[in-house]
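Below, chains carry the letters A, B, ... as their sequence lines are ordered, and counting in each starts from 1. Scope of the values below: all heavy atoms of this structure, side chains included, with no hydrogens, waters or symmetry mates.
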Amino acid sequence: MKRTHRCTELKPSDVGREVVVMGWVQRRRDLGKLIFVTLRDRSGIIQVVFNSETDPELHDKASQVRSEFVLAVRGILARRSDDAINKNMETGEIEIIASELRILNKSETPPFHIEENSDANEVLRLKHRYLDLRRPDLQGNLMLRHRIAKIARDYYDENGFCEIETPVLTKSTPEGARDYLVPSRIHPGKFYALPQSPQIFKQLLMVSGFDRYMQIVKCFRDEDLRADRQPEFTQIDLEMSFVDVEDVMTINEGFVSRLFREALGIDMPAPFRRLTYAEAMERFGSDKPDTRFGLELVNVSDLVAESGFKVFKDAVENGGSVRAINAIGAGSKFSRREIDALGEVAKTYKAKGLAWMVVEEDGLRSPIAKFLTETEIESIKDRLDAKPGDLLLFVADRDEIVFDALGHLRLELGEKLGLIDHDRYDILWVTEFPLLEYDEEEKRWVARHHMFTAPMDEDIEYLDSDPGKVRSKAYDLVMNGYEVGGGSIRIHSQELQAKMFRVIGLSDEQARDRFGFMLEAFKYGTPPHGGMAFGLDRLTMLLAGTDNIRDVIAFPKVQAASCLMSNAPDVVEKKQLEELHIKTVSKKSEE
RNA sequence: GGCCCGGUAGUUCAGUUGGUUAGAACGCUAGCCUGUCACGCUAGAGGCCGAGGGUUCGAGUCCCUUCCGGGUCGCCA
């Protein structure tokens with residue numbers, strides 16, 4: 001038997017034809033002399049009918065069929081009688097009257113029912129991921145992922161990009177995330193690193209003159225997992241020569257627009273909105289703001305600088321700030337307990353406390369009201385446009401903490417107050433990131449993006465005198481509060497690169513040791529270049545409308561970075577370790 | 001590494017103040033059933049209550065440890 005159609009490729013217009021379908025038994029409904037089987041393949045399901053009156057032998061065989069058996073069915077496609085039409089089914093107007101049945105394989109009863117929106121425990125589903133992947137929602141996600149990758153390849157190809165593979169066994173680089181290491185058998189005591197991204201290689205391809213490079217590539221970072229983060233993930237990676245910031249953003253806006261049109265049928269006109277990093281922090285307290293709703297941060301430092309409330313006054317005096325959010329209408333909605341819970345959220349982000357005011361018709365309910373003058377209160381209400389029923393939330397501290405606490409509080413409030421339209425996509429660029437940030441632990445400046453990112457021309461002069469003030473030619477693409485991509489224009493001058501290494505405290509010797517090959521390459525005519533990379537997993541996650549990255553990865557890892565299906569990582573044979581010149585140290589003997 | 005949450009039939013869950021034999025629904029097995037589509041009806045099987053220790057006359061329930069998993073902070077150029 002040869003398959004003629006996928007289940008839902010059959011249409012009412014095919015009625016009367018002899019067809020062959022193959023797939024898994026979704027459900028069997030045995031009415032005695034009449035058996036209905038819904039057969040499932042990756043396209044969907046269709047009903048097959050076995051009638052004991054027309055073919056007792058066939059009916060007998062069908063009665064042996066159970067859930068998830070693999071069947072091949074030949075039959076005539078028939079229109080159902082009007083009263084037997086199932087409007088909830090894509091193929092609900094038709095069914096296959098079976099004339100031949102082959103049980104291609106039996107199946108044990110699966111540990112969980114294969115259905116859309118499964119309520120089975122995720123651990124169980126991950127253990128049997130191959131069964132989980134039979135479910136239509138995960139199949140849909142992976143097929144969407146395929147479409148996104150296909151559109152990326154088509155789009156960049158049409159725009160002159162060339163896909164080139166870069167090594168997976170490469171050299172460990174300092175800075176950034178922790179590397180996954182691979183021991184070398186041939187070089188005792190030496191290790192390869194899996195790439196955190198193909199950064200250096202793609203820049204070298206620019207030196208080679210490839211002009212426009214792209215690659216859909218696995219990257220690895222040995223850091224803790226999150227709902228939107230896996231240790232191995234896929235980037236749509238690209239690099240271009242002879243471009244500035246605008247060129248890179250424009251070409252990639254074209255990709256994202258096309259992606260939305262072709263994958264989701266959504267119009268997403270370019271150019272996208274742009275916010276500088278400074279503005280994003282000021283207004284949303286985040287460098288990846290969710291701009292689907294308001295509740296913007298408001299600076300009230302000047303209003304309370306001389307206040308009798310010491311917490312506010314001190315924060316401003318010490319160079320910090322006092323900022324607030326007007327949670328519109330929340331004053332009359334939230335209980336004292338809920339407001340206190342918001343305080344706990346703020347504390348997670350190192351805020352010492354959360355001051356609040358509930359605006360009422362005839363005044364104010366607030367633990368801090370007694371420390372403030374009438375004028376101060378009025379000016380605050382005025383600036384926050386506060387109306388009766390509103391809840392005003394204040395954090396006073398160093399800017400960094402104020403932004404972090406209020407930024408996260410804003411997200412919490414947006415969700416709690418139902419202000420987020422989950423069917424909407426909001427996209428923007430965040431630009432002009434700080435080039436460097438100070439690492440308190442290491443007591444030195446470190447690159448915020450990476451050490452090949454170019455500073456903005458007008459800020460180069462501050463590299464020595466005031467490194468924190470230097471902005472970079474870096475940009476992030478932000479969608480619904482997620483960073484889905486980012487990149488930068490790179491440094492292409494040896495002198496500037498050397499200066500950058502100096503600023504982050506990398507000696508000439510260290511630089512030569514770690515990037516010697518790159519510095520050497522840059523001596524031979526490096527074109528100005530820049531690029532970016534999209535997180536394919538996150539992009540797919542957002543387009544699929546889920547907030548769990550495991551839903552868009554065929555075989556994902558759990559929080560402890562293990563695979564519940566294969567049980568990786570696992571111990572290996574002693575012989576393997578010996579060949580690799582590796583001795584393991586147990587935790588006990590370490591102590 | 002810190003904090004919070006979860007773990008009871010195959011699955012999803014309930015389980016009182018610590019008290020007899022741990023329940024329900026779905027699924028599974030068998031029988032009946034010719035238009036079902038979450039088919040229906042009848043009967044049945046199915047439990048290391050994550051693991052270990054403790055308190056107690058008695059622990060699914062209380063305490064401690066531990067394992068597994070989720071979220072989050074740190075971390076993630």
Sugar-phosphate only, base, or nothing, as touched by Tyr349(A) at under 4.0 Å among non-hydrogen atoms: sugar-phosphate
Sugar-phosphate, base or nothing in reach of Asp222(A), heavy atoms under 4.0 Å: nothing
Minimum-distance nucleotide (side-chain atoms of Ala177(A) versus C76(B), G35(B), G74(B)): C76(B)
Donor-acceptor pair (no angle test) under 3.5 Å: Arg229(A) side chain, C76(B) base: yes
Sugar-phosphate only, base, or nothing, as touched by Ala84(A) at under 4.0 Å among non-hydrogen atoms: base
Ring centroid separation Phe452(A) to Phe515(A) under 6.0 Å: yes
Length of the line joining Leu34(A):CG and C37(B):C1', which is rounded to integer Å: 12 Å
Contact check, side chains of Ile46(A) and Leu77(A), non-hydrogen atoms, under 4.5 Å: yes
Short side-chain N/O contact to C73(B) OP1/OP2 from Arg226(A), under 4.0 Å: yes
Base G74(B) to side chain Asp224(A), donor-acceptor N/O within 3.5 Å cut-off: yes
Base paired to G44(B) (Watson-Crick or G-U; both N/O distances under 3.5 angstrom): C28(B)
Separation of atom CG in Asn567(A) from atom C1' in C68(B), rounded to whole Å: 12 Å
Sugar-phosphate, base or nothing in reach of Asn121(A), heavy atoms under 4.0 Å: sugar-phosphate
Counterpart base for G74(B), defined by Watson-Crick or G-U wobble contacts under 3.5 Å: none
Touch class at under 4.0 angstrom, heavy-atom based, for Asp119(A) against every strand present: sugar-phosphate
C63(B) and U16(B), which share atom name P, separated by this distance in whole Å: 14 Å
Sugar-phosphate only, base, or nothing, as touched by Glu483(A) at under 4.0 Å among non-hydrogen atoms: nothing
Distance, rounded to the nearest Å, where Leu564(A) contributes CG and C68(B) contributes P: 11 Å
Sugar-phosphate only, base, or nothing, as touched by Ile35(A) at under 4.0 Å among non-hydrogen atoms: nothing
Rounded P spacing from G31(B) to G50(B) in Å: 36 Å
Separation of the C1' atoms in A22(B) and U29(B), to the nearest angstrom: 23 Å
Asp340(A) and Arg336(A) ion-paired at < 4.0 Å: yes
Whole-Å P distance, U34(B) and A24(B): 31 Å
Atom pair distance, as rounded to whole Å: CD in Glu441(A) and P in C75(B): 7 Å
Quiz item: Arg28(A) side-chain donor-acceptor pair to C39(B) base, under 3.5 Å: no
Pairwise C1' distance for G18(B) and A59(B), with rounding to whole Å: 6 Å
Whole-angstrom distance between A38(B) and C76(B), as gauged at atom C1': 45 Å
Check: G71(B) base within 3.5 Å donor-acceptor of Arg550(A) side chain: no
Gap between atoms CD and P, on Gln64(A) and U29(B) respectively (whole Å): 13 Å
Interatomic distance where CD belongs to Gln26(A) and P belongs to G27(B) [whole Å]: 13 Å
Phosphate OP1/OP2 of U36(B): any Arg29(A) side-chain N/O under 4.0 Å: no
Sugar-phosphate only, base, or nothing, as touched by Phe112(A) at under 4.0 Å among non-hydrogen atoms: nothing
Minimum-distance nucleotide to Lys350(A) side chain [options: U36(B), U34(B), G74(B)]: G74(B)
Length of the CZ-P vector between Arg178(A) and G1(B), whole Å: 11 Å
Spacing of the C1' atoms in G47(B) and C28(B) (rounded, Å): 15 Å
Sugar-phosphate only, base, or nothing, as touched by Ser197(A) at under 4.0 Å among non-hydrogen atoms: base
Touch class at under 4.0 angstrom, heavy-atom based, for Val558(A) against every strand present: sugar-phosphate
Carboxylate-amine/guanidinium proximity below 4.0 Å for Asp287(A) and Arg448(A): yes
For U66(B), the Watson-Crick or wobble partner whose two distances fall under 3.5 Å: G50(B)
Sugar-phosphate, base or nothing in reach of Leu124(A), heavy atoms under 4.0 Å: sugar-phosphate
Atom-pair distance (CD on Glu440(A); C1' on G74(B)), nearest Å: 15 Å
Sugar-phosphate only, base, or nothing, as touched by Ser562(A) at under 4.0 Å among non-hydrogen atoms: sugar-phosphate
Heavy-atom donor-acceptor pair, Asp459(A) side chain to Arg471(A) backbone, under 3.5 Å: yes
Of the listed nucleotides U34(B), G69(B), C75(B), the one nearest the side chain of Glu223(A): C75(B)
Short side-chain N/O contact to G71(B) OP1/OP2 from Gln559(A), under 4.0 Å: yes
Sugar-phosphate, base or nothing in reach of Arg27(A), heavy atoms under 4.0 Å: sugar-phosphate
5'-most by nearest nucleotide on RNA chain B - Ser67(A) or Lys557(A): Ser67(A)
Nearest listed nucleotide, side chain of Ala227(A), among G71(B), G27(B), U36(B): G71(B)
Below 4.0 Å: OP1/OP2 of A30(B) and any side-chain N or O of Arg66(A): yes
Distance, P atom - from G54(B) to U42(B), rounded to whole angstrom: 48 Å
Partner nucleotide of U20(B) by Watson-Crick or wobble geometry (both distances under 3.5 Å): none
Under-3.5 Å donor-acceptor pair between Glu95(A) side chain and G35(B) base: yes
Any donor-acceptor pair under 3.5 Å from Asn141(A) side chain to Val552(A) backbone: no
